[in-house]
Amino acid sequence: MKREHRLRYIIKEGIQDTFFIWKDELKNVFKDSGVMIFFFLVPFVYPLLYAFIYNNEVVHDAKMVVVDQSDSYLSREYIRKVDATADVKVVAVCADMEEAKRMLDEKKAYGILYFPSEFSKNIHKGKQATVSLYCDMSALLFYKAFLLATTEVSLEIGKELRAQNNPSSTIEQEKITINPIPYESVALFNSQNGFASFLVPAILILVIQQTLILGIGMLGGTAREKNRFHSLVPISRHFNGTLRIVFGKSLTYILLYVVVCIWALAVVPKLFSLPQVGEPWTVMLFVLPYLFASIFLSMTLSGFMTSRESPMLVFVFTSVILLFISGVSWPKEAIPPFWKAIGYLFPSTPGIQGFIRINTAGATLNEVAHEYRTLWVQAGVYFITSCMIYRYQIMRSRKLIIKQYRYMKMQRMMHR
């Protein structure tokens, strides 16, 4: 056969085998209920579940008790203003700290506001007065609500006292006296300072990677269980090539997860009014290498799965760890170098950081160039490792087949 005809035949055979493997893998996905759960149910239900849980964004009417040893007009005015805020609800005024502590222990309240007996006296004498705030730190959102409410009330009462103690001839002079440097707090990209707006987008990205790892790992474990030689690659002429196997399988996962990505990264944020200021084309171009990197990582890890249950035992617990070391729920500057290095082995770390900057801050691809390049590098590295895994499996299958053939041939010769 001429060289050009042979080359044309090899290319044609490779393309045909690639599409055969794609159809075969697609059948395996839809025949396996466990994989269907990871590929469809979990990515479609988990984003809704997390969005519903954190949909309130902030805490309102956090329960607080007051210990008012001052029992003065100023302390009662302070309590009234705190109770009037949307964040805090004063549920009781206790006689002493012991009674207030008991209410905290019984979870009837989550914070204590303490006024010492000299509170009003010190103010009238022109001295600095102290108000103490004690919080149940098992729930940080309560602490945030109490601190903001008491701080705002302190500033407001302080302005009123300055106006009374330093009367001015005009309204403008009075404004300058009580508020010489006006300030305004603007929460960029998260106007409600809410939990959902910064945490849910990170979870959406992580769900894509984790479900791919679990689903593809389960497919790999199932293939080993069904194969008589416990190999990842079936004994078939269509699987006689590394690239056709990797391209055929990855094509299946890409086509399936295009729908998942549209749902998780576009529809769910729209349903729950999460920040979406990034350009759709920018988001799509950024998610593409993330999807490739996650798929090839999953295919690499599937080569080490010996049973269907192995991915559940090995990878499920990593979700919380990967969320922490991604630098979202915990500042990446505070993460030790070792865990930073571990984090960059997974596409979720640059994927989460880049996606949040694009989708909540409107960053362009140039502004997330580091994360974008990292994802392409990861995709390339894991593509090579997945090819190496499948190449090893093909060679192993051939050796086992030859060994079995020689054994059966010897058996026939002995029975003659």
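Taking a 6.0 Å sphere around OH of Y46, one finds it holds 12 or fewer heavy atoms contributed by other residues, nucleotides or ligands. Few gaps surround CD on E99; more than 12 heavy atoms of other groups in view lie less than 6.0 Å from it. Heavy-atom contacts from other residues, nucleotides or ligands closer than 6.0 Å to NZ of K332 number 12 or fewer. Applying the 6.0 Å contact sphere to NZ of K81 captures more than 12 heavy atoms from other residues, nucleotides or ligands. When the shell of 6.0 Å around CZ of F44 is examined, it contains more than 12 heavy atoms from other residues, nucleotides or ligands. Counting non-hydrogen atoms of neighbouring residues, nucleotides and ligands closer than 6.0 angstrom, the OH atom of Y344 exceeds 12 such neighbours. Residue-environment remark: OH (Y50) stays at or below the threshold of 12 foreign heavy atoms within 6.0 Å. Within 6.0 Å of CE in M312 there are 12 or fewer heavy atoms belonging to other residues, nucleotides or ligands.
Considering CE of M64 and OH of Y134, their distance stands at 12.5 Å, rounded to 0.5 Å.
Residues T222 and R308 bring a donor and an acceptor atom of their side chains to less than 3.5 Å of each other. In this structure, a donor-acceptor pair under 3.5 Å is present between the side chains of T385 and T300. No side-chain N or O of Y253 forms a donor-acceptor pair with one of S298 less than 3.5 Å apart. No donor-acceptor contact under 3.5 angstrom links the side chains of S348 and Q210, judged on distance only. Looking only at atom types and distance, the side chain of S294 has no donor-acceptor partner in the side chain of Y257 under 3.5 Å away.
Just one residue in the list F19, F20, W22, F383 forms a ring pair (Phe, Tyr, Trp, His ring centres under 6.0 Å) with F247, and that residue is F383.
Using bins of under 30°, 30° to 60° and over 60° for the plane-to-plane angle, the ring pair F142/F146 lands in the parallel bin.
Looking at heavy atoms from C-beta onward, C261 lies in side-chain contact with I208 at the 4.5 angstrom threshold. Side-chain contact between R244 and E13 is present, with heavy atoms from C-beta onward closer than 4.5 Å. Between D83 and V88 there is no side-chain heavy-atom pair separated by less than 4.5 Å.
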For this session: Start with the C-alpha gap between F39 and V260, add the side-chain angles, then the distance that decides, and say whether side chain to side chain contact (heavy atoms under 4.5 Å, CB included) holds.
Result: CA-CA 8 Å; F39 278 3; V260 172; over 6 Å; no
For this session: Walk me through it: do M305 and L219 pass the test side chain to side chain contact (heavy atoms under 4.5 Å, CB included)?
Result: CA-CA 9 Å; M305 300 298 106; L219 286 169; over 6 Å; no
Problem set entry | side chain to side chain contact (heavy atoms under 4.5 Å, CB included) evaluation trace for V65 with V90 | CA-CA 6 Å; V65 295; V90 177; over 6 Å; no
For this session: Could you check L345 against L297 for side chain to side chain contact (heavy atoms under 4.5 Å, CB included), going step by step and ending with a plain yes or no?
Result: CA-CA 9 Å; L345 293 177; L297 169 64; over 6 Å; no
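A salt bridge is absent between D61 and K89; no separation between the charged side-chain nitrogens and carboxylate oxygens falls under 4.0 Å.
Put simply, the side chain of T151 never gets that close to the backbone of L148: no donor and acceptor are under 3.5 Å apart. Using a distance-only test at 3.5 Å, with no hydrogens or angles considered, no donor-acceptor pair links the side chain of W339 to the main chain of I325.
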For residues 101-119, which side-chain N or O atoms pair as donor and acceptor with protein atoms under 3.5 Å away, sequence neighbours left out?
residue: E106; atom: OE1; partner: K108; partner atom: NZ; Å: 3.2
residue: K107; atom: NZ; partner: D136; partner atom: OD2; Å: 2.7

